[in-house]
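Every value quoted in this text rests on a predicted model; they were computed, and no experiment measured them.
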Amino acid sequence: MQNYLHFGETVAGYSVPVLNEREARAGAGILFVFALLSFLYAYNNMDFRYTQIFVTFFMLDFFIRVVINPAYAPSLIAGRFFVSTQTPEYVGAAQKRFAWSIGLILSIVMFTLIVILEMMTPIKIWICLACLILLFSETAFGICIGCVLYNWLFPNKAAYCPGDMCVAKIKQPIQRINWLQALLAVTAFGVAGWLAVQAS
């Protein structure tokens, strides 16, 4: 009988259980969109019903990821659908479990504050922002902040990090930013920010 309770997949050529990073990033992107929409709606209307629905879904999704099996987490199933034609990018499962455990803890706190207690406290706003940053970082930049923390706490334990981040390497010329590029980027974002302030 197939064992449904496990974390990570065994793939030939990899010495530890792995997960498909493309699915994880897609799942993070899907959650980010709905998290942002529910957060903005609650902030603008002081109506937390959609936030309560999302937080409950988020908590159950991460519970399935961490405790049962990532293959059955709804957001990762949706992510798999969207990236199913792409070549898998395998990463170590251990650091992903650590990162998703952080998400699970944050979601339990949010569920308690928003759904059970319905408390009006700045803490839930800061936790929401933290979750948004974690999700956006992974989906936009491929940086799993929880995985980075895992590497700091357990040096030399992580294997197959996204983008080989846990392996020391020299940047290629295409990865470097020269002074002109930096000046252009800072100027562009600065002007856009100034215009946004003037428009508000």
Side-chain angles (χ1 to χ4, degrees), residues 2-37 54 57-108 127-177:
Q2 185 176 356
N3 180 17
Y4 293 100
L5 297 173
H6 67 276
F7 194 94
E9 306 297 331
T10 301
V11 176
Y14 291 85
S15 57
V16 298
V18 294
L19 296 168
N20 184 359
E21 174 66 7
R22 296 187 189 277
E23 291 178 12
R25 288 183 66 181
I30 292 166
L31 290 176
F32 174 78
V33 168
F34 289 104
L36 182 62
L37 291 175
F54 174 77
F57 177 89
F58 189 90
M59 182 184 67
L60 293 174
D61 188 84
F62 271 72
F63 178 82
I64 295 170
R65 291 187 189 203
V66 175
V67 179
I68 301 175
N69 186 336
Y72 299 99
S75 67
L76 296 180
I77 295 171
R80 176 175 293 190
F81 171 80
F82 286 109
V83 302
S84 59
T85 59
Q86 300 177 17
T87 302
E89 178 187 347
Y90 293 116
V91 296
Q95 58 265 34
K96 279 294 182 186
R97 188 171 208 171
F98 178 83
W100 290 344
S101 295
I102 295 174
L104 177 59
I105 292 169
L106 291 176
S107 69
I108 291 172
I127 295 176
C128 277
L129 289 174
C131 290
L132 287 171
I133 290 170
L134 292 171
L135 292 170
F136 182 76
S137 174
E138 178 155 10
T139 191
F141 309 123
I143 299 174
C144 170
I145 296 176
C147 300
V148 174
L149 291 175
Y150 180 89
N151 295 341
W152 287 347
L153 293 172
F154 308 102
N156 303 320
K157 291 277 188 178
Y160 311 115
C161 298
D164 291 331
M165 286 181 62
C166 51
V167 178
K169 56 187 179 298
I170 299 173
K171 286 186 178 180
Q172 301 297 318
I174 197 172
Q175 295 176 292
R176 298 191 180 105
I177 300 173

Are Lys96 and Val91 close enough, and set up right, to give a side-chain contact (heavy atoms from CB on, under 4.5 Å), and what steps lead you there?
CA-CA 8 Å; Lys96 279 294 182 186; Val91 296; 4.1 Å; yes
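Within the model, atoms CG of Leu76 and CG of Asn69 stand 10.0 Å from one another, a figure rounded to the nearest 0.5 Å. Once rounded to the nearest 0.5 Å, the distance linking CG of Leu149 with CD of Gln95 reads 12.0 Å. Interatomic distance, CZ of Arg65 versus OG of Ser101, reported as 11.0 Å (0.5 Å rounding). Here the CD1 atom belonging to Ile30 is positioned 8.5 Å from the OG1 atom belonging to Thr139, to the nearest 0.5 angstrom. Interatomic distance, Arg22 CZ to Glu89 CD, rounded to the nearest 0.5 Å: 5.5 Å. Expressed to the nearest 0.5 Å, how far SG of Cys144 lies from CZ of Arg25 amounts to 11.0 Å.
Side-chain contact between Pro74 and Ile64 is present, with heavy atoms from C-beta onward closer than 4.5 Å. Two residues are said to be in side-chain contact when any heavy atoms from C-beta on lie closer than 4.5 Å; Ile145 and Ile102 fail this criterion. Looking only at side-chain heavy atoms (C-beta outward), Glu138 and Cys147 stay at 4.5 Å or farther from each other.
Environment of CZ in Phe63: sparse, with no more than 12 heavy atoms of neighbouring residues, nucleotides or ligands closer than 6.0 Å. Counting heavy atoms of neighbouring residues, nucleotides and ligands inside a 6.0 Å radius, atom CZ of Phe57 exceeds 12 of them.
Note on ring orientation: taking the six-membered ring where Trp is involved, the planes of Tyr14 and Tyr90 are perpendicular (angle over 60°, cut-offs 30° and 60°).
A pairwise comparison of heavy atoms in Phe7 and Ala93 identifies CE2-O, 3.1 Å as the closest pair. For the residue pair Ala94 and Tyr150, the shortest heavy atom distance occurs at CB-OH, 3.7 Å. Looking at every heavy atom in both residues, Leu31 comes nearest to Phe62 through CD1-CE1, 3.6 Å. The two residues Leu132 and Ala35 make their nearest non-hydrogen contact at CD2-CB, 3.7 Å.
Side-chain atoms of Ser137 never come within 3.5 Å of backbone atoms of Leu134 as a donor-acceptor pair (strictly under, hydrogens ignored). Of the possible polar contacts, none joining the Tyr160 side chain to the Leu19 backbone as a donor-acceptor pair under 3.5 Å is found.
When the options Leu104, Leu135, Leu106 are evaluated for a side-chain contact (heavy atoms from CB on, under 4.5 Å) with Phe58, the one that passes is Leu135.
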